[in-house]
Amino acid sequence: MSRLGTIGARLYRGEIGYDFVRHRKFWYAVSILITIAAIAGVAIRGLNMGIEFKGGAVFTTPSTKVSVTDAREYAEEASGHPAIVQKLGNGTMRIQVAELNTSQAAQVKSDLARDMKMDIDKIGAELVGPSWGKQIANKAWTGLAIFMVLVVIYLAIAFEWRMALAALIALIHDLTITVGVYALVGFEVTPGTVIGLLTILGYSLYDTVVVFDGLKEGSKDITKQTRFTYSEMANRSLNGTLVRSINTTIVALLPVAGLLFIGGGFLGAGMLNDISLSLFVGLAAGAYSSIFIATPLVADFKEYDPQMKALRKRVLAKRAKGEQADGEQTEQDGDPQDTVPGEAAVAAAGPAGVVEQRGRGRGRSSGRRR
């Protein structure tokens with residue numbers, strides 16, 4: 001078995017693990033800072049909306065040796081508006097100019113043909129009205145709202161309302177970060193971007209639901225035992241699916257990274273950036289939120305339940321009693337004892353936050369275990 005497979009098996013059995021729930025405040029703080037930076041990016045820089053939302057014209061030229069810089073200068077001089085020029089893989093160009101009407105687009109096309117020394121009939125022109133973009137935006141918001149409502153209803157029925165609320169917060173967290181990255185990077189927001197944003201919602205939910213399912217199974221009849229609190233059980237469930245979550249995220253990110261960095265960067269197919277950036281950032285944010293946000297939030301919400309509060313008191317009381325009994329046994333035997341209370345993997349945390357289950361200490365009476 002590979003080393004990663006061995007680690008995954010030990011995580012699943014609870015022999016080792018990272019105490020995500022115990023360090024949740026740190027990860028909450030990290031998420032809050034990232035979210036504030038994303039909101040600030042949108043507020044200060046704003047989103048670079050494509051012509052599909054603002055209206056304008058798209059000109060497509062045949063293969064040419066004219067540089068992107070020169071083509072941009074020609075388009076801006078002809079239109080009086082900022083232009084976005086993309087050199088495609090076959091040497092053709094895609095020139096976008098916002099806020100042009102039909103007569104202005106015809107004049108810009110004529111000027112481009114003259115400046116770039118090409119036949120005007122070989123330059124394609126497509127006029128896009130802003131009303132179409134508004135319709136797309138409204139439909140996207142409607143689809144997003146319906147999706148959120150259905151997700152909350154499903155999770156509340158399949159699991160419970162606390163998990164539904166935690167998943168909803170994680171989804172909003174992922175969307176906010178993705179939109180903020182778009183504002184900071186300056187990529188255009190196109191219908192492809194909207195499709196990417198809606199797509200990442202499903203990916204973001206996948207790992208979260210997997211962990212929630214394990215947590216639901218592990219916490220069944222949890223109040224009938226006194227070994228683990230609900231937070232510890234949540235942490236064990238999260239560690240049990242950790243390697244799977246990491247593997248699925250990496251496998252999903254690799255092809256998206258190819259689209260973003262190779263297709264959009266090296267090959268110059270800028271249109272791939274529309275959907276690939278939102279997918280790349282959304283997948284990474286979704287994996288992060290399912291591990292560091294969603295499950296710890298469920299544990300926080302659940303610990304306010306009176307039954308879970310009572311369970312925590314019983315577990316801590318039993319551990320305190322066990323520690324006291326172990327201390328008395330140590331004094332009698334004169335041997336060093338394992339001071340880890342209980343058998344929970346979360347009980348022994350090292351400097352790096354990695355926990356490992358230990359065996360019983362020497363001289364411990366087996367009769368004290370229940």
Side-chain angles (χ1 to χ4, degrees), residues 8-24 152 154-167 207-245 290-329 337-349 353-361 364-370:
R10 297 185 68 192
L11 283 168
Y12 181 79
R13 293 193 299 265
E15 296 175 1
I16 60 173
Y18 179 84
D19 202 339
F20 296 97
V21 177
R22 181 181 179 186
H23 299 92
R24 62 191 181 281
V152 170
Y154 168 75
L155 291 179
I157 294 175
F159 300 100
E160 62 170 301
W161 68 267
R162 296 176 183 84
M163 293 183 177
L165 179 58
D207 286 337
T208 302
V209 170
V210 169
V211 177
F212 284 177
D213 187 63
L215 178 55
K216 179 183 178 182
E217 186 68 23
S219 60
K220 187 181 298 183
D221 297 328
I222 189 174
T223 56
K224 296 180 180 179
Q225 54 82 51
T226 54
R227 294 180 62 195
F228 306 115
T229 65
Y230 188 90
S231 294
E232 291 171 348
M233 185 60 69
N235 193 70
R236 288 170 62 87
S237 299
L238 182 55
N239 277 280
T241 59
L242 182 60
V243 173
R244 176 181 177 180
S245 299
S290 65
I291 295 173
F292 297 100
I293 304 298
T295 305
L297 276 176
V298 172
D300 274 338
F301 296 155
K302 196 72 174 179
E303 289 291 355
Y304 284 100
D305 185 274
Q307 290 185 330
M308 297 303 113
K309 286 183 177 180
L311 173 63
R312 172 174 285 275
K313 289 181 180 180
R314 294 198 303 270
V315 171
L316 296 181
K318 180 182 177 181
R319 289 180 183 173
K321 183 178 179 180
E323 287 178 348
Q324 181 180 3
D326 289 343
E328 294 174 356
Q329 187 69 28
Q337 300 295 312
D338 178 4
T339 60
V340 181
E343 296 178 2
V346 295
V354 176
V355 296
E356 183 166 358
Q357 186 178 12
R358 290 172 168 81
R360 299 178 180 177
R364 175 176 296 173
S365 173
S366 59
R368 301 185 184 276
R369 290 278 186 174
R370 288 185 295 174

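A quick note: this is a predicted structure, and the numbers were derived from the prediction, not measured.
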* Set of salt bridge (Lys or Arg N to Asp or Glu O under 4.0 Å) partners for R312, sequence neighbours left out -> E303
* V298 versus F159: any side-chain heavy-atom pair under 4.5 Å? -> no
* Asked: From K313 NZ over to M308 CE, what is the distance, rounded to the nearest 0.5 angstrom?
  -> 13.5 Å
* **Atom of L238, atom of S290 and distance for their closest heavy-atom approach** => CD1-O, 4.2 Å
* Results of side-chain hydrogen bond (donor to acceptor under 3.5 Å, both in side chains) for E160 - residues two or more places apart only -> R162, K302
* Compare all side-chain heavy atoms of L215 with those of M163 and state whether any distance is below 4.5 angstrom. => yes
* Nearest heavy-atom neighbours spanning S237 and G214 -> OG-O, 3.5 Å
* Structure fact -> Only one of R319, R227, R22 passes salt bridge (charged side-chain N to carboxylate O under 4.0 Å, His left out) with E232, and that residue is R319
* Results of side chain to side chain contact (heavy atoms under 4.5 Å, CB included) for A167 - residues two or more places apart only -> L155, L205, T208, F212
* Nearest heavy-atom pair of Y304 and K309: which atoms, and what distance? -> O-CE, 3.6 Å
* Asked: For the atom pair CZ (R314) and OG1 (T229), what is the distance rounded to the nearest 0.5 Å?
  -> 11.5 Å
* To do: For the pair S219 (side chain) and I222 (backbone), establish whether a donor and an acceptor sit closer than 3.5 Å, ignoring hydrogens and angles.
  => no
* Contacts of D213 that satisfy salt bridge (Lys or Arg N to Asp or Glu O under 4.0 Å) - sequence neighbours left out -> none
* Q307: partners by side chain to side chain contact (heavy atoms under 4.5 Å, CB included), with sequence neighbours left out -> T223, D305
* Does K321 use its side chain to pair, donor to acceptor, with the backbone of L316 at less than 3.5 Å? -> no
* Do L311 and F228 have side chains that get closer than 4.5 Å, going by heavy atoms? -> no
* Structure fact -> Closest non-hydrogen atoms of A294 and A166, given as atom of the first, atom of the second and distance, are O-CB, 3.5 Å
* Asked: Does D221 use its side chain to pair, donor to acceptor, with the backbone of K224 at less than 3.5 Å?
  -> no
* Asked: Of the non-hydrogen atoms in I291 and F20, which two are nearest, and what is the gap between them?
  -> CG2-CE2, 3.5 Å
* Mind checking salt bridge (Lys or Arg N to Asp or Glu O under 4.0 Å) for R24 and listing every partner two or more places apart, or none if nothing turns up? => D300
* Residues in ring pair (Phe, Tyr, Trp, His ring centres under 6.0 Å) contact with F301, at least two apart in sequence or another chain -> none
